[in-house]
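Naming: A, B, ... by sequence-line order, numbering from 1 per chain.
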2 protein chains.
Amino acid sequence: MKLSKRGEYAMRALIDLAIAQALGRALLPLSELSEKEQIPAAFLEQILFQLRSAGIVASVRGKHGGYCLAKPTDQIRFGEIIRLIDGPLAPIRCVSQVAYARCTCPDEAHCGLRMLMLDVRNAVAGILDKYTLADVADVTLRKLRRDKVPSPFVPPAELAALFDAPGPARPTRRARVHPVVPQGQP
Amino acid sequence: MKLSKRGEYAMRALIDLAIAQALGRALLPLSELSEKEQIPAAFLEQILFQLRSAGIVASVRGKHGGYCLAKPTDQIRFGEIIRLIDGPLAPIRCVSQVAYARCTCPDEAHCGLRMLMLDVRNAVAGILDKYTLADVADVTLRKLRRDKVPSPFVPPAELAALFDAPGPARPTRRARVHPVVPQGQP
DNA sequence: CGTTAACCTGACCGTTCAAGTCAGGTTTCA
DNA sequence: TGAAACCTGACTTGAACGGTCAGGTTAACG
């Protein structure tokens, strides 16, 4: 019942992005994510590429570029993330909703193992498909404040300066949401 | 969140043993289990060895030998089986009760991912540590009867004969529960 | 008393996959 | 133009999974 490192890293990065967004910094460079979560940069890059291809994050190229969420935080569910990175939630394929496959047992309707695993799958999916990035970011921030822990992502003196000098604060470049997929399908 | 084949096979075999026991045949030879569940015999043997070492099944050697459960069916929980074969139930180690290990995040108390995964772990463990072989065997048998499906394990004409000729029907040999472990520890 | 059906046990093996690295792109800002 | 960032595919390496093999030991039965 393991979660892969890829999956773990993906969720950590996304949660970071959600929290940062809630604190007013939508765009984070790879380096910052990689450093905060102690994830090898090249590896995280790979994962973020996958997340971008799936339309979950967006990116801005060039200097001062970075990654941000491509959808509202309350529309990104953990089930979606894990399914993307690690595949079906179900412990065995014959109870998967998304990727059903027959198993070796001769009679699914009377398979004890199947009943049990269906229960497990439903419990897991129930949780993972219920909570969104918004939920987790919210609870986390509340906990941090309650315990008076200094918030992360209070940016590197750069945005702090912007605080003093208000205004429409730099025109925020448009982020690329989709990869430029030149697939030969009309 | 996958369950390994080993784990799957272990549970299938144990459920079979439980059902057979409920039907009056405690002892099943490897060949029968392997055939009914379509599991390579040598592989299943390996798994049963592991289950025996853990005191979950017992075995009888020699001709007409086989495997049976080493404990009452209502004292074998699925959590125990999976933990034995596949390791901890928790998706990530930092939420495991049985095999906790620290993860890379700097502050567990405020880790959003951890909260979520703890939820998942508890849901899974809640199910797997609640149901026993007795439960599943019970439900399965009831379903089979309800749907008028012929019960499995009505033995190979051998016990059927014993039915006709009653009596204390062979003195049921004692099964070895523990491996003869010659470990050098006093 | 030997044959045979069963369990016992460790060693081995091929494939897949996870985790991560590398090497070069391209884009944008200063 | 140079540096900082993202883009992308190819590669590597080690472990784990799923399974096989070989050679035991034990016990029933004719």
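Here B:Lys130 pairs with nothing under the side-chain contact (heavy atoms from CB on, under 4.5 Å) rule; sequence neighbours left out. Listed by chain and residue number, A:Cys105, A:Leu113, A:Arg114, B:Arg12 satisfy the side-chain contact (heavy atoms from CB on, under 4.5 Å) test with A:Cys111 (two or more places apart in sequence, or in another chain). Considering only residues two or more places apart in sequence or on other chains, B:Arg102 meets the side-chain contact (heavy atoms from CB on, under 4.5 Å) condition with B:Tyr100, B:Glu108. For A:Asp107, the side chain to side chain donor-acceptor pair (under 3.5 Å) partners are A:His110, not counting sequence neighbours. With sequence neighbours left out, B:Thr140 forms a side-chain contact (heavy atoms from CB on, under 4.5 Å) with A:Met115, B:Ile19, B:Val136, B:Leu144.
A:Phe43 places its CZ atom 5 Å from the P atom of C:dG20, with the value rounded to the nearest Å. Counting to the nearest Å, the C1' atom of C:dA6 and the NZ atom of B:Lys63 are 9 Å from each other. Between the CG atom of A:Leu17 and the P atom of D:dC6 there is a distance of 11 Å, rounded to whole Å. Note: CD (A:Glu32) to C1' (D:dA4) measures 14 Å, nearest angstrom. What separates CG of B:Leu30 from P of D:dG19 is a distance of 15 Å, to the nearest Å. Atom pair A:Ile39:CD1 and C:dT21:P shows a separation of 12 Å (rounding to whole Å applied). As a whole-Å value, the separation of B:Ile85 CD1 from D:dC17 P is 11 Å. At whole-Å resolution of the value, CZ in A:Arg61 and P in C:dT26 are 9 Å apart.
Checked by distance alone, A:Glu45 brings a side-chain donor or acceptor within 3.5 Å of a matching partner on the base of D:dC7.
Applying the ring pair (Phe, Tyr, Trp, His ring centres under 6.0 Å) rule to pairs touching residues 3-28 of chain A yields A:Tyr9-A:Phe43, sequence neighbours excluded. Sorted by first and then second residue, the salt bridge (Lys or Arg N to Asp or Glu O under 4.0 Å) pairs involving residues 82-94 of chain B (not counting sequence neighbours) are B:Arg83-B:Asp129. The stretch residues 37-48 of chain A participates, sequence neighbours left out, in these side-chain hydrogen bond (donor to acceptor under 3.5 Å, both in side chains) pairs: A:Arg6-A:Gln46. For residues 71-91 of chain A, the set of pairs meeting the ring pair (Phe, Tyr, Trp, His ring centres under 6.0 Å) definition, not counting sequence neighbours, is empty.
Across all strands, B:Leu48 comes closer than 4.0 Å to no nucleic acid atom at all (heavy-atom distances).
A residue-by-residue look at A:Ala42 and B:Ser31 shows that B:Ser31 has its nearest nucleotide of DNA chain C further toward the 5' end. Residue whose closest nucleotide on DNA chain D sits further toward the 5' end, between B:Asp86 and A:Pro29: A:Pro29.
The terminal axes of the helix from C:dC1-D:dG30 to C:dA30-D:dT1, fitted over 5 pairs per end, subtend an angle of 0° to the nearest 10°.
Under the 4.5 Å side-chain criterion, counting only non-hydrogen atoms from C-beta, A:Ile81 is in contact with A:Ile76.
Contact check, B:Ser59 against C:dA6: no side-chain N or O comes under 4.0 Å of OP1 or OP2.
For the contact set between residues 2-16 of chain A and DNA chain C, defined by any heavy atom under 4.0 Å, the members are A:Ser4, A:Lys5, A:Arg6, A:Tyr9.
Under a 3.5 Å cut-off, the side chain of A:Asp135 and the backbone N or O of A:Thr132 do form a donor-acceptor pair.
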Please enumerate all protein N or O atoms sitting under 3.5 Å from an N or O of nucleotides 11-17 of chain C, with distances to 0.1 Å.
unit_1 : atom_1 : unit_2  : atom_2 : d
C:dA11 : N6     : B:Gln46 : NE2    : 3.4

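Between A:Lys2 atom NZ and B:Leu3 atom CG the span is 12.0 Å, to the nearest 0.5 Å.
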